[in-house]
Amino acid sequence: MTDSKYFTTTKKGEIFELKAELNSDKKEKKKEAVKKVIASMTVGKDVSALFPDVVNCMQTDNLELKKLVYLYLMNYAKSQPDMAIMAVNTFVKDCEDPNPLIRALAVRTMGCIRVDKITEYLCEPLRKCLKDEDPYVRKTAAVCVAKLHDINAQLVEDQGFLDTLKDLISDSNPMVVANAVAALSEIAESHPSSNLLDLNPQSINKLLTALNECTEWGQIFILDCLANYMPKDDREAQSICERVTPRLSHANSAVVLSAVKVLMKFMEMLSKDLDYYGTLLKKLAPPLVTLLSAEPELQYVALRNINLIVQKRPEILKHEMKVFFVKYNDPIYVKLEKLDIMIRLASQANIAQVLAELKEYATEVDVDFVRKAVRAIGRCAIKVEQSAERCVSTLLDLIQTKVNYVVQEAIVVIKDIFRKYPNKYESVIATLCENLDSLDEPEARAAMIWIVGEYAERIDNADELLESFLEGFHDESTQVQLQLLTAIVKLFLKKPTETQELVQQVLSLATQDSDNPDLRDRGYIYWRLLSTDPVAAKEVVLAEKPLISEETDLIEPTLLDELICYIGTLASVYHKPPISGPPLAASSVQMGAVDLLGGGLDSLMGGSGFTAPGPAAPAGMGAPLGSGLGDLFDLTGGVGTLSGSYVAPKTVWLPAMKAKGLEISGTFSRQVGAISMDLVLTNKALQVMSDFAIQFNRNSFGLAPAAPLQVHAPLAPNQSVEISLPLNTVGSVMKMDPLNNLQVAVKNNIDVFYFSTLYPLHILFVEDGKMERQMFLATWKDIPNENEAQFQIKDCSLNADAVSNKLQGSNIFTIAKRNVEGQDMLYQSLKLTNGIWVLAELRIQPSNPSFTLSLKCRAPEVSQYVYQAYDAILKN
Amino acid sequence: MIGGLFIYNHKGEVLISRVYRDDIGAVQLPVSVHVVVTSLWPCRRNAVDAFRVNVIHARQQVRSPVTNIARTSFFHVKRSNIWLAAVTKQNVNAAMVFEFLYKMCDVMTAYFGKISEENIKNNFVLIYELLDEILDFGYPQNSETGALKTFITQQGIKSQTKEEQSQITSQVTGQIGWRREGIKYRRNELFLDVLESVNLLMSPQGQVLSAHVSGRVVMKSYLSGMPECKFGMNDKIVIEKQGKGTADETGKSGKQSIAIDDCTFHQCVRLSKFDSERSISFIPPDGEFELMRYRTTKDIILPFRVIPLVREVGRTKLEVKVVIKSNFKPSLLAQKIEVRIPTPLNTSGVQVICMKGKAKYKASENAIVWKIKRMAGMKESQISAEIELLPTNDKKKWARPPISMNFEVPFAPSGLKVRYLKVFEPKLNYSDHDVIKWVRYIGRSGIYETRC
């Protein structure tokens, strides 16, 4: 018997026929009818009208029929919530069935019916199933908790399911453990501050035991969870690594990659002198190579990850160059990735082999691949100095092929080679000039023009060449126009006598006929320079350029560290960190249906929940969090806070000794809802510093720079610059110890430096942190007493009103004041940027300079830091 | 986790659609809108259509197995002309998703054979049942066919006894999820196949650019009870370890041992034991399974050597001469030998002369295909061809794809030897000696290419 007949096209009146069949007395006919319904559903027909009739078929002994009805329910329940209630009884009954398969089926399906009304009926059966004697039911129930949490998080917390789930981590059955870990990890992701996955050496030990016994998928869940754990010292890290390494021999590539993630992460904690460290490095290479014999799709995932690993720890794969050689039949996505890794691994030792390969690739068919291969040759030249000559001659050979895109690509990279090795390979310019006519891509044209301008004094007919470009000036792209302008100015400065006319022509084209502001501005600047002080013009335009380095394509170290934590996941495939937190759902509403269907190309750029790295990030991240930011800047709640909150004096964060002469001192401030990091950069070295950039590691409150670090002019020796770097709190979140620890990386033209600093918590106190009186009372009662913490603020001589005013300046709001037996009691509230409320009671005795501060908060770990903030504010 | 799973035919029509999470293309229309919209799956349909429009119907060749459309990620694999796509909005474990899709293909193949549109339509109810079982809320669950077949049968529910039911559930969730208890055979028998594919990339001058063997040990076991097995091979590390006691033996067997670069095992193998003692012990699934995969790069026996000679005679003629030499014991026979010599796209005619086998120019494949049924070791054979070309004004040179080879030899090119496979079943009364064991070695060409 075949089922394909159900897919046959239908005529009008089908629904009525189906209805009749569904209500038939004959079991066989009923089943046939349900199958037809499911088939119609699959191809996208609307069969929701049959809802009551299908639900009527639910009461049956036939498991197959039951599963079909359940499938229908899962799809349509949401659109017919009232009808869905009809099914509840059967579910509840099935949850009591003697057959564990049916009990599990019922609880599994119920979780998939995402109707609010049903969830309350789900609680009782779920509670029973979580404690079921049969492990199959328990493992299904564990996942069901995650499902329920997705529909109604509050309900899950109120019903205490989270605790039951935590207990399941100690279950005797490994699969139950694995599913519980998966469910808890997912729930914990939406509560970054909570301590749900309370990982400690004991629970880690349990997970490691279950790791040996559970299914391949379970091993992945457990390993991914382990990767989030922070071992307390290197010994613990080593012992976990020892127990994870056997996973590297698993047949499932995902298990291997997740194990690699754990090892890469924990390796950070091991001392490099340890024998074990070396052993571990050696053990990592073979499994990574083996991943390349998997199916192409997995190879692609593996290669994207290896790309990260090679940047982080080049020593692991440095001898494995050959396995990344491209095979003729590799899919194009594998080829391109392999090429990338080949360049990263290229060194003096293997450069001859690599070049021979690259030359081979440059004759292939796929245009993208060929271009990348040509570009790779150029990168080799820049990376391995000894090979530069050979690379240049290879590129010249390729130019001789006259294949249009090969020539263009070669010219682009030769320009870079000139910038790395000035005055060395200029003899090839003649050959390049021969190909002038065939260049039709802006990048290649711009590169060629740059070369002509830069070496104008050695090219006899430089003026003619440049003039030929000038004819179609307005049709060129901006890139070419700008380059042409600069090149002609250079030419003029080098050969002023014969090119006066040319330079005037280009200046007038750029300033008078163009409506591009960049071009106009550059034109005017040149014009003024040339007319006022030609000597200065020469110094500026013909200044010696810094050499380019080979590392321009490396991923930024802090981002790299972050991505290493995501090995195996989509983030590692896209090389972009995921946006954390729940606001994704909100943003997707805006995308809308039309966008999904029509917006092919531009939406492709968007990345799924991923933002572009680098300076573009703040804008991208801001969007989905729109409402959150709105709250932040909503000032109506705060009164008289315009003066801004207390700012601590600057302290030295990074001494010059540790950072090759760069000294950084700074402090944090919050003004009118905007957090900023006020920095002073001092150059104590003997050379000029430039190209500054800053990045934060993930931290407890998601602090991140809201704009790139802008140091406008290079920093001369013994000079300082003061910068206020705006911050936001939409970065990725990771709990730090101490909580207010911030790890910062600062880059300049010399190196990258790391330091960490503690930020005062009050910069996170938001302006609408004033709680309603009633709310305050209720919340105070609601928070359990064990969450209360008491502190003493010593040596403070202010009176209650002064205290209140001072604190309000830093967004700590006094809600009520009472006088009890001569003591002033201030009741205060504040809210953190991530929405955590902290309630405070401050007791002030007029005669006693010590105040007593009681803090209550649902996340008690912040209390200590809030106290520190109080202390700092009151004492200044 | 995985938000949904779709199966399409080559036209992009949906054959199977299972949604696990609302967030994929989650356009949460208000209830009133629902009534107006004809299809009641607006959100799902969007994700489904987006993939069709952007990937299946895309004009360009597929540039990546992971596609990002409107913040939603699509993972796809293709089997013949069927597309399987997993969809998600979260930062899922990408490797896991692909492993799962492959597994899904394996499971379907085990149930109904080839994955084709016809078979999928014929078994759509079964597929939905499987998807419900092996993927829960997007989390993969036990997907071992052996276990699944005990309770997903397509027979409706047979009245199982309580004992049977709990046996099923304990197997599905148990430590030995791949094998059920109470298996009985009158004749205990096992087959071991060492299947190797040898890969080579050689320069025109005969220099080995890269060579490796990727091997698999496939076991077919028909054993009663819950047998403990122990597998041994001529792994260099093991032999050297044992050799320490008897120095004499090291000299003898040391030569024959092989260095394994890396190996991976079926999930039944106790990995921690392999890590500490390098011994391979396991309780096998019933029937056929892949025990291990391995990779070697040292001392590989390359069964054939290809010596190409391509000469361009003017602009309209190419002369090609290819010699193949077999390089193994003369007593052994290689089979199914095929040499594929690529020809330029502007080939107008080809004349071939070969000493052995049959050679043909296949215009549709742009290649001369030379087939030899059998060839003994230490022999050589030659083909020469004259290729006439149409004059073209295409500036681009011919890319000269490599000459590739296919063959099958009755030995393991890596040199791997099975030393023993011991079986212990303490509860039943059969011993290792009663088990009938078969071992077979097959070496095949993987990607075996010589540039010309």
Side-chain angles (χ1 to χ4, degrees), chain A residues 2-4 7 42 46 48 62-64 67 71 79 99-100 134-136 139 143 147 173 175 182 212-213 215-217 220 246 249 251-254 257 286 290 293 297-298 300-301 322 325 327-328 333 363-364 402-403 568-571 573 578 588 591 593 595-597 600 603 606 608-609, chain B residues 17 25-27 34 38-40 45-46 49-50 54 63-66 68 70-73 77 91-96 98-99 121-122 124-125 128-129 136-137 139-140 142 156-157 165 169 172-173 175 177 210 214 261-267 271-272 274-275 295 395-396 399 401-402 447:
Chain A
T2 71
D3 286 348
S4 56
F7 283 90
T42 300
D46 177 16
S48 61
N62 186 316
L63 196 59
E64 193 192 357
K67 283 182 177 173
L71 190 66
S79 59
N99 186 342
D134 194 293
Y136 183 76
K139 72 110 185 163
V143 176
K147 292 179 188 168
N173 184 295
M175 195 152 168
N212 287 325
E213 293 163 352
T215 65
E216 46 195 333
W217 314 115
I220 300 169
S249 309
N252 187 315
S253 308
L257 265 179
T290 298
S293 36
E297 291 88 0
L298 266 174
Y300 174 72
V301 175
K322 278 188 178 177
F325 284 178
K327 292 184 191 133
Y328 189 73
Y333 49 82
T363 60
E364 281 226 30
K402 303 278 178 195
V403 179
T569 69
L570 263 180
V573 175
S588 56
M591 300 299 291
D595 205 327
L596 254 173
L597 287 171
S603 50
S608 118
Chain B
S17 127
V27 187
H34 266 291
T38 37
S39 163
L40 272 161
R45 283 289 141 193
N46 282 342
D49 294 339
N54 289 296
R63 302 304 276 194
S64 159
V66 184
N68 206 314
R71 292 169 177 274
T72 310
S73 297
V77 300
N91 183 27
V92 297
N93 189 321
M96 184 185 82
F98 280 122
E99 282 284 3
K121 280 186 171 171
N122 282 340
F124 81 99
V125 174
Y128 275 125
E129 201 173 338
D136 191 4
F137 201 41
Y139 288 105
N142 191 340
I157 193 150
Q165 288 164 4
T169 59
V172 176
T173 59
Q175 291 181 21
S210 75
S214 56
D261 286 33
D262 188 37
C263 45
T264 58
F265 296 99
H266 184 265
Q267 59 166 322
L271 294 179
S272 41
F274 178 74
D275 194 55
R295 190 166 52 78
K395 267 190 202 160
K396 214 184 144 195
I447 295 165

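Below, read A as the first sequence line, B as the second, and so on, with proteins coming before strands; counting in each chain starts at 1. What you see below is based on every heavy atom in this structure, not just the backbone, and it leaves out hydrogens, waters and symmetry mates. No experiment lies behind these values; they were computed from the predicted model shown.
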State, without any angle test, whether A:T290 and B:D262 hold a side-chain donor-acceptor pair at a distance under 3.5 Å.
-> yes

From [X] atom [atom1] to [Y] atom [atom2], the distance as rounded to the nearest 0.5 Å:
| X | Y | atom1 | atom2 | result |
| --- | --- | --- | --- | --- |
| B:E129 | A:L71 | CD | CG | 10.5 Å |
| A:T215 | B:N142 | OG1 | CG | 6.0 Å |
| B:S272 | A:E213 | OG | CD | 9.5 Å |

For each of B:S210, B:S214, B:S64, tally heavy-atom pairs with chain A at distances under 4.5 Å, and name the one with the top tally.
-> B:S64

Would you say the side chain of [Y] lies within less than 4.5 Å of the side chain of [X], judging by non-hydrogen atoms?
| X | Y | value |
| --- | --- | --- |
| B:F274 | A:P246 | no |
| B:V66 | A:L570 | yes |
| A:E297 | B:F98 | yes |

Please classify the contact of [X] with chain B as side chain, backbone, both or neither, using a heavy-atom distance under 4.5 Å.
| X | answer |
| --- | --- |
| A:L298 | both |
| A:N212 | side chain |
| A:Y328 | both |

Polar side-chain atom of B:R295 near backbone of A:S293 as donor-acceptor pair, under 3.5 Å | no

Could you tell me whether a side-chain N or O of B:D261 sits under 3.5 Å from a main-chain N or O of A:P286, the two making a donor and an acceptor?
-> no

Kindly give the heavy-atom pair with the smallest separation between A:Y333 and B:R63, and that separation in Å.
-> CB-O, 3.1 Å

Among A:K139, A:K67, A:K147, A:E216, single out the residue with the greatest number of heavy-atom pairs under 4.5 Å to chain B.
-> A:K147

Heavy-atom pairs under 4.5 Å with chain B are the metric here; pick the option from A:V301, A:L257, A:N252 that has the most.
-> A:N252

Contact origin within B:N93 toward chain A - heavy atom pairs under 4.5 Å | both

Bottom line for B:F265: the part with an atom under 4.5 Å from chain A's heavy atoms is both

